[in-house]
Amino acid sequence: MSDAGYDKQQAREAGEIARLLSYVLILLASVGLFVSATAIPTSRFEKLGAGAFPKIVFAGIALVAVIAIIDALRKIPAGAYGRFACQTVAWARRRYLVFVVLATLAVYLLAIPLLGFSVASFLFILGLELVLMPRRPATLLVAVIVAAVFSFGLNWLFAEVFTVFLPRGVL
């Protein structure tokens, strides 16, 4: 098989695997929503209860997702999973900064209740600047100034001008 034909085949396999993963996510979401629909309180005036219609809809979606998963599994050749995993790892390595930013954002969101808006924002902005920008003395000074203005300055602006108090934090 030529390289172009091989690439088209790999792209087709990757598309089928991505489709399979989306079907699995739809199945998990519909099962979760079905379970949450069972918690809808029933009225004494109706026999089926308020959760009957959502449960029917989510059960139907789950059934269609199971059928789609079976069909997708039938279309994917056995060796495609390994190739897809290798391609996915290579893709993630090329885009590692995206994952660094997402991880930093998650830490920031978890740190706000503990450290407060100002300190958490200062550390978040400074950390991202240190990761994303060139590290020279002049740029480090600019990074500290920008982080201070957009964390402590923004907190002051909201508190003094808008009378909106941002989270203080436990510490």
Side-chain angles (χ1 to χ4, degrees), residues 8-125 127-128 131-132 150-151 154-155 157-159 161-171:
K8 285 182 182 179
Q9 179 66 24
Q10 280 187 329
R12 202 173 7 260
E13 290 172 354
E16 288 296 328
I17 293 173
R19 197 171 295 117
L20 170 67
L21 293 175
S22 70
Y23 296 152
V24 169
L25 288 176
I26 290 170
L27 175 65
L28 292 174
S30 63
V31 168
L33 290 169
F34 180 88
V35 170
S36 68
T38 60
I40 296 175
T42 59
S43 169
R44 61 183 180 171
F45 301 111
E46 47 188 307
K47 294 196 186 271
L48 291 176
F53 181 71
K55 287 195 295 191
I56 291 169
V57 169
F58 295 133
I61 292 172
L63 179 64
V64 170
V66 167
I67 293 168
I69 288 170
I70 292 168
D71 185 53
L73 286 172
R74 184 182 56 80
K75 292 179 181 176
I76 300 171
Y81 297 106
R83 289 188 295 272
F84 181 76
C86 290
Q87 290 172 353
T88 303
V89 169
W91 173 85
R93 283 187 180 149
R94 287 191 304 270
R95 288 156 181 85
Y96 75 96
L97 283 177
V98 172
F99 296 107
V100 169
V101 170
L102 288 174
T104 308
L105 178 64
V107 170
Y108 169 63
L109 293 175
L110 293 172
I112 286 177
L114 185 65
L115 301 176
F117 175 81
S118 296
V119 175
S121 295
F122 179 79
L123 294 174
F124 171 70
I125 294 169
L128 278 184
V131 168
L132 298 174
F150 282 100
S151 58
L154 201 58
N155 191 29
L157 177 73
F158 271 82
V161 177
F162 302 128
T163 320
V164 174
F165 299 100
L166 300 173
R168 297 250 187 250
V170 178
L171 300 180

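Index from 1, following the sequence.
Under the side-chain hydrogen bond (donor to acceptor under 3.5 Å, both in side chains) criterion, Tyr108 pairs with Ser121, not counting sequence neighbours. Remark: Leu28 pairs with Val24 by the side chain to side chain contact (heavy atoms under 4.5 Å, CB included) rule, at least two apart or across chains. Remark: Ala14 engages Phe84, Gln87 in a side chain to side chain contact (heavy atoms under 4.5 Å, CB included) (not counting sequence neighbours). Scored by the ring pair (Phe, Tyr, Trp, His ring centres under 6.0 Å) test, Phe34 finds no partners at all (sequence neighbours excluded). Judged as a side chain to side chain contact (heavy atoms under 4.5 Å, CB included), and not counting sequence neighbours, Leu25 has no contacts. Partners of Ser30 under the side-chain hydrogen bond (donor to acceptor under 3.5 Å, both in side chains) rule, at least two apart in sequence or in another chain, do not exist in this structure. Residues passing the side chain to side chain contact (heavy atoms under 4.5 Å, CB included) test with Pro41, sequence neighbours excluded: none.
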Please set out all donor-acceptor pairs under 3.5 angstrom arising from side-chain atoms of residues 162-171, sequence neighbours excluded.
none

Pairs of donor and acceptor atoms involving the side chains of residues 109-116, under 3.5 Å and at least two apart or interchain, shall be tabulated with distances.
none

Please list, one pair per line, the donor and acceptor atoms closer than 3.5 Å that link side chains of residues 90-107 to other protein atoms, with sequence neighbours excluded.
from: Thr104; atom 1: OG1; to: Val100; atom 2: O; distance (Å): 2.7

Side-chain donor-acceptor pairs of residues 65-74 under 3.5 Å, sequence neighbours excluded:
from: Asp71; atom 1: OD1; to: Arg74; atom 2: NE; distance (Å): 3.4
from: Asp71; atom 1: OD1; to: Arg74; atom 2: NH2; distance (Å): 2.5
from: Asp71; atom 1: OD2; to: Lys75; atom 2: NZ; distance (Å): 3.3

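Phe150 contributes atom CZ, which lies 7.5 Å from atom CD1 of Ile125 (distance to the nearest 0.5 angstrom). Interatomic distance, CD1 of Ile61 versus CD1 of Ile26, reported as 8.5 Å (0.5 Å rounding). To the nearest 0.5 angstrom, Arg83 atom CZ is 6.0 Å from Gln10 atom CD.
Residue pairs meeting the side chain to side chain donor-acceptor pair (under 3.5 Å) criterion with at least one member in residues 17-26, sequence neighbours excluded, are Glu16-Arg19.
Of all the heavy atoms in Val31 and Ala62, the pair that sits closest is CG2-CB, 4.5 Å. Contact detail for Thr42 and Gly49: the closest heavy-atom pair is CG2-CA, 4.0 Å. Minimum interatomic distance between Ala50 and Ile40 (heavy atoms only, all atoms of both residues): CB-CG2, 3.6 Å.
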